[in-house]
There are 2 protein chains.
Amino acid sequence: MTLSLLNDDHYMREALKQARYALAEDEIPIGAVVVLERQVIARAYNQTEKLRDVTAHAEMLALTAAANHVGNKYLADCTLYVTVEPCVMCAGATAWAQVRRVVYGANEPKVGYRRHGHLLHPRAEVVSGVLAEESSQLMREFFARKRK
Amino acid sequence: MTLSLLNDDHYMREALKQARYALAEDEIPIGAVVVLERQVIARAYNQTEKLRDVTAHAEMLALTAAANHVGNKYLADCTLYVTVEPCVMCAGATAWAQVRRVVYGANEPKVGYRRHGHLLHPRAEVVSGVLAEESSQLMREFFARKRK
């Protein structure tokens, strides 16, 4: 395993912590962190229920928090880690923020952005499948509870 | 002209007012309103510069405000009016909010959602070209100023 992969695992574990906070609050358990120069500068989890706002996805909240942190709406040198494949909305937000590296866990074939093509920044690198099983397990747990 | 078209013009004029507020604040001049049962329940204009936040598009702010107004994140019975074709991010947000009718003014071939297909809610009706010239004129004015 390369150092880079180890690092991706490390930051994805931070995103998974966020996802677990979402699960504890009965939100769809998706978490995200933004990393700049090996530092986590923003953490967020999905809050669409609590805020009654479809735009309150983990990635959106993390991007806004990261922009506040650096005092710049462009996050070209940042990596976004998110536990599940981003949706169209969030993919579009990363493009506007010029995020050049997006790392996600589980694929989301139904509502993920990928079936619509490359909606991220044209020069963005994408890494998928990082700790995907942990991410999927949280999602399964949430939807199993809902069915009860 | 049908009554429906007259109404669309009327609400688009409200969105254009918002776009003019954006122009006055040196933001890309795009405005949006959300209409429910013939009432404007949310108004917003692009604030990406002021808020240093790429997610602060007129449509996003208007959808969040509309959800706050109705106390529900789903806006299926609402119409979104926006002066310019929504981007991928905003199109995705309207899909999540289940907005069934989207009316916009000027086309935005470069960064509009349409070149990626139908990213709105599957059952959303789209009306384009409403007061498009007024919307385009504001955009031209903004970019002409920027070039000076």
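Every chain is numbered from 1 and lettered A, B, ... according to where its sequence line falls, protein lines coming before strand lines. Everything quoted here is computed from the prediction, not taken from an experiment.
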Checklist entry - When you look at CD of A/Gln39, are more than 12 heavy atoms from neighbouring residues, nucleotides or ligands closer to it than 6.0 Å? => result no
In terms of heavy-atom contacts, B/Thr55 and A/Met60 come closest through CG2-CE, 3.8 Å
Would you indicate whether B/Glu133, at its atom CD, is surrounded by more than 12 heavy atoms from other residues, nucleotides or ligands within a distance under 6.0 Å? yes
Among B/Leu63, B/Leu75, B/Thr48, the residue with the most heavy-atom pairs under 4.5 Å to chain A is B/Thr48
B/Arg123, CZ atom: more than 12 neighbouring heavy atoms under 6.0 Å: no
Closest non-hydrogen contact found for B/Ala67 with A/Arg52 is CB-O, 3.4 Å
Shortest non-hydrogen pair, B/Val54 vs A/Lys73, comes out as CG1-O, 3.6 Å
Check your understanding: Can you get from A/Ile28 to A/Tyr21 by hopping between Ile, Leu, Val, Met, Phe, Trp and Tyr side chains that sit under 4.5 Å apart?
Key -> no
If you group Ile, Leu, Val, Met, Phe, Trp and Tyr by side-chain heavy-atom gaps below 4.5 Å, do B/Leu16 and B/Val35 land in one group? yes
Bottom line for B/Thr94: the part with an atom under 4.5 Å from chain A's heavy atoms is neither
Minimal heavy-atom distance between A/Leu51 and B/Asn68, with the atoms involved, is O-OD1, 4.4 Å
Margin query: Quick check on B/Phe142: does its CZ atom have over 12 non-hydrogen neighbours (other residues, nucleotides or ligands) under 6.0 Å away?
Written below: yes
Assert top hit (heavy-atom pairs under 4.5 Å, partner chain A, pool B/Asn72, B/Val111, B/Val88) equals B/Val88
